[in-house]
Amino acid sequence: MAKSVGGITYKTINGKRYAYYQWTEDGKQRSRRVKDDELPSLLAEIEQRKAKKDAASLTNGLLLRDNGAAYFADGVLVAGMNGVAGQSFKTDVKLGAALTNFAANVLQWKKRDGFERLHDYIYGPGNDRVFILYGLRRTGKTTLIRQLFGEMAPADLAKSAFVQVNSRNSLADLNADLKILEGAGFKYVFIDEVTMLADFIEGAALFADVFASCGMKIVLSGTDSLGFVFSEDEQLYDRAEMLHTTFIPYREFERVLGLNGIDEYIQYGGTMSMGGREYNKDRFTFANVKSANEYVDSAIAKNIQHSLKCYQYEGHFRSLKSLYEAGELTNAINRIVEDINHRFTLDVLTRDFRSGDLSLSAKNLRRDRFHPTDILDRVNVVKVTARLMKNLDVKNRQEMSVAISQDHVREIREYLDLLDLTVDIDVENFGNFNQRERLTTISQPGLRYAQAKALIDSLLLDDAFRSFSLVERKSIAERILNEIKGRMMEEIVLLETKMARPDCHVFKLQFAVGEFDMVVANSENATCEIYEIKHSEIVAKEQYRHLKDAKKCRDTEFRYGTIVSKNVIYRGASQVIDGINYLNVEEYLREL
């Protein structure tokens with residue numbers, strides 16, 4: 001039964017005005033009177049149906065501008081500028097109803113915090129700028145765009161286009177397609193994987209100078225984060241708004257994915273592989289070391305290599321040129337990321353050994369006082385870890401024909417910092433203010449945990465552990481991993497606090513004996529907060545003994561200002577004990 005959208009007409013009878021709904025059905029004109037209380041909702045329904053029809057016309061061959069500028073049939077431009085027939089897009093372009101379908105599967109997914117910034121750019125006043133949405137793979141960039149399409153009014157969707165480029169396209173191809181869209185009256189253009197263009201970095205000013213300056217809203221997205229950093233520093237300097245998606249804090253992990261608990265975040269945090277509550281851990285990016293290494297290779301190492309290849313016509317490789325020419329730069333980056341996480345793991349294993357706290361008394365061997373080095377001491381933890389490091393070094397040398405120098409490591413670490421994958425936390429020594437160390441944290445905890453777990457699994461295959469039964473080896477592995485989770489929880493709190501409080505100095509403070517796991521110092525107010533961070537659900541006086549140490553507190557106040565709070569962050573319930581604030585870790589991170 002064919003039925004038109006219809007409309008409202010009015011008649012005046014005996015001085016009173018009445019509304020009538022008229023429509024065409026099966027070729028016949030039909031009409032009915034509309035009740036007063038029904039009129040507002042019916043008017044809204046008619047407008048909505050008309051707008052949807054207008055949007056659908058883009059893919060049904062119904063758009064023909066008066067000047068003959070553009071004509072679309074089934075989403076393909078068949079008549080282009082000045083009415084010249086036969087033009088088609090050189091890139092992959094989605095329009096109209098295709099965008100509705102594109103957005104359909106993500107409409108129920110919760111949105112990342114950055115969605116509001118993207119929304120404000122699209123609907124805010126023109127400012128001659130482009131919007132850059134960038135980050136490592138699987139951190140939600142394209143999903144944000146799809147969610148925006150899902151919320152667009154039909155009239156706005158009719159003026160929107162999603163353009164996807166590939167390595168075969170050039171900036172000239174994209175420029176031609178944008179001119180066609182501009183001539184057809186499109187206002188909102190989203191260009192995905194734009195860094196795949198070999199000449200993107202050198203010609204990125206095109207988007208701001210030619211199109212954004214004429215009123216078009218341009219959103220650029222892609223996984224080659226470093227390419228965007230280079231373009232923003234040069235071609236798009238002061239002409240781009242940047243939204244980086246790589247860092248996914250705990251509160252977003254919990255709210256968007258529906259997973260609760262710091263241990264879940266430690267094991268799986270770092271990507272938005274799936275939306276909503278249907279979260280399949282077996283398909284997760286960091287489900288095992290194989291998938292984690294593949295992610296490093298494709299999302300991080302190739303990201304850096306492709307950006308350097310396209311930047312300044314391959315003129316910015318610096319000392320990495322030899323690795324690149326030997327075809328080993330991607331492998332070297334992968335190895336350095338893995339080495340950062342391996343050294344973290346080995347440090348967890350040996351930290352207490354270095355401090356001399358290796359008592360093997362029956363009291364310390366009880367489960368509630370266990371430390372993995374208590375058992376590892378029976379096989380000499382130093383020899384085991386030294387052997388493991390030697391094996392790793394040998395493996396690296398065997399797989400690399402070009403040796404990795406300190407210059408290589410330094411430059412690759414710089415790029416990892418620019419990608420927001422690694423963030424350094426200061427470690428200050430109270431006895432020697434000039435002696436400062438750096439604690440390298442990883443913004444994707446699932447990646448660190450997967451590689452750490454793989455290292456522990458290989459460690460337990462060492463000859464030194466053959467005297468242990470399978471049950472004993474599994475118990476050792478479980479307890480070592482719990483210790484790793486404890487150190488990772490400490491670093492997550494430090495990292496997220498640093499990111500959330502840029503006005504403060506966030507660091508670890510070491511004394512001759514003992515340390516504060518975290519100090520948050522505000523030099524402007526001459527105040528500070530001191531913290532211990534414990535991967536525990538129970539309360540014990542030993543946890544806050546340093547916070548109660550009068551000399552440590554006096555020394556800290558002398559250097560960093562008045563202590564305004566003393567806190568223990570742990571996995572139990574929030575409460576106050578003996579003047580110490582016990583803060584639940586999930587609540588603390590959620591409120592940041």
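Numbering of residues begins at 1 and proceeds along the displayed sequence.
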Can you pull out every ring-ring contact (aromatic ring centres under 6.0 Å, His included) where at least one residue sits in residues 569-592? Sequence neighbours excluded, please.
Y570-Y582
On the ring face of F430, is R559 found with NZ or CZ under 6.0 Å from the centre and within 45° of the axis?
yes
I want to check a possible cation-pi pair here: K552 against F511, using under 6.0 Å from ring centre and within 45° of the ring axis as the test.
yes
Spacing of NZ belonging to K141 relative to OG1 belonging to T223, to within rounding of 0.5 Å:
6.0 Å
Going by salt bridge (Lys or Arg N to Asp or Glu O under 4.0 Å), name the residues that satisfy it together with [X], two or more places apart in sequence or in a different chain.
X: E557; result: none
X: D128; result: none
X: E537; result: R571
X: E496; result: none

Considering residues at least two apart in sequence or located in another chain, which fulfil the ring pair (Phe, Tyr, Trp, His ring centres under 6.0 Å) criterion with [X]?
X: H546; answer: none
X: Y295; answer: F286
X: Y121; answer: F131
X: Y544; answer: none

Does the side chain of [X] pick up a donor-acceptor pair with the side chain of [Y] at under 3.5 Å?
X: N127; Y: E241; answer: yes
X: R413; Y: T440; answer: yes
X: E254; Y: Y250; answer: yes
X: Q575; Y: N581; answer: no
X: T345; Y: H342; answer: no
X: N567; Y: S565; answer: yes
X: D420; Y: S443; answer: no

Can we call the ring centroids of F253 and Y268 under 6.0 Å apart?
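Centroid distance F253-Y268: not below 6.0 Å, so no.
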Contacts of V423 meeting side chain to side chain contact (heavy atoms under 4.5 Å, CB included) (sequence neighbours excluded), chain-then-number -> T441, L495, K498
Can you list the residues that meet the side chain to side chain contact (heavy atoms under 4.5 Å, CB included) rule with Q305, with sequence neighbours excluded?
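With sequence neighbours excluded, Q305 shows a side chain to side chain contact (heavy atoms under 4.5 Å, CB included) to Y324, L329, T330, given in chain and number order.
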Short question: side chain of N522, backbone of N525 - any donor-acceptor pair under 3.5 Å?
yes
Could you tell me whether a side-chain N or O of Q444 sits under 3.5 Å from a main-chain N or O of G270, the two making a donor and an acceptor?
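Yes; judged by distance alone, with no hydrogens or angles, the pair exists.
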E490 and its side-chain contact (heavy atoms from CB on, under 4.5 Å) partner, picked from K508, H535, M518, K534
K508
Under the salt bridge (charged side-chain N to carboxylate O under 4.0 Å, His left out) definition, can you give me all pairs with a residue in residues 572-586, not counting sequence neighbours?
K548-D578
Within 6.0 angstrom of K453 NZ, more than 12 heavy atoms from elsewhere:
no
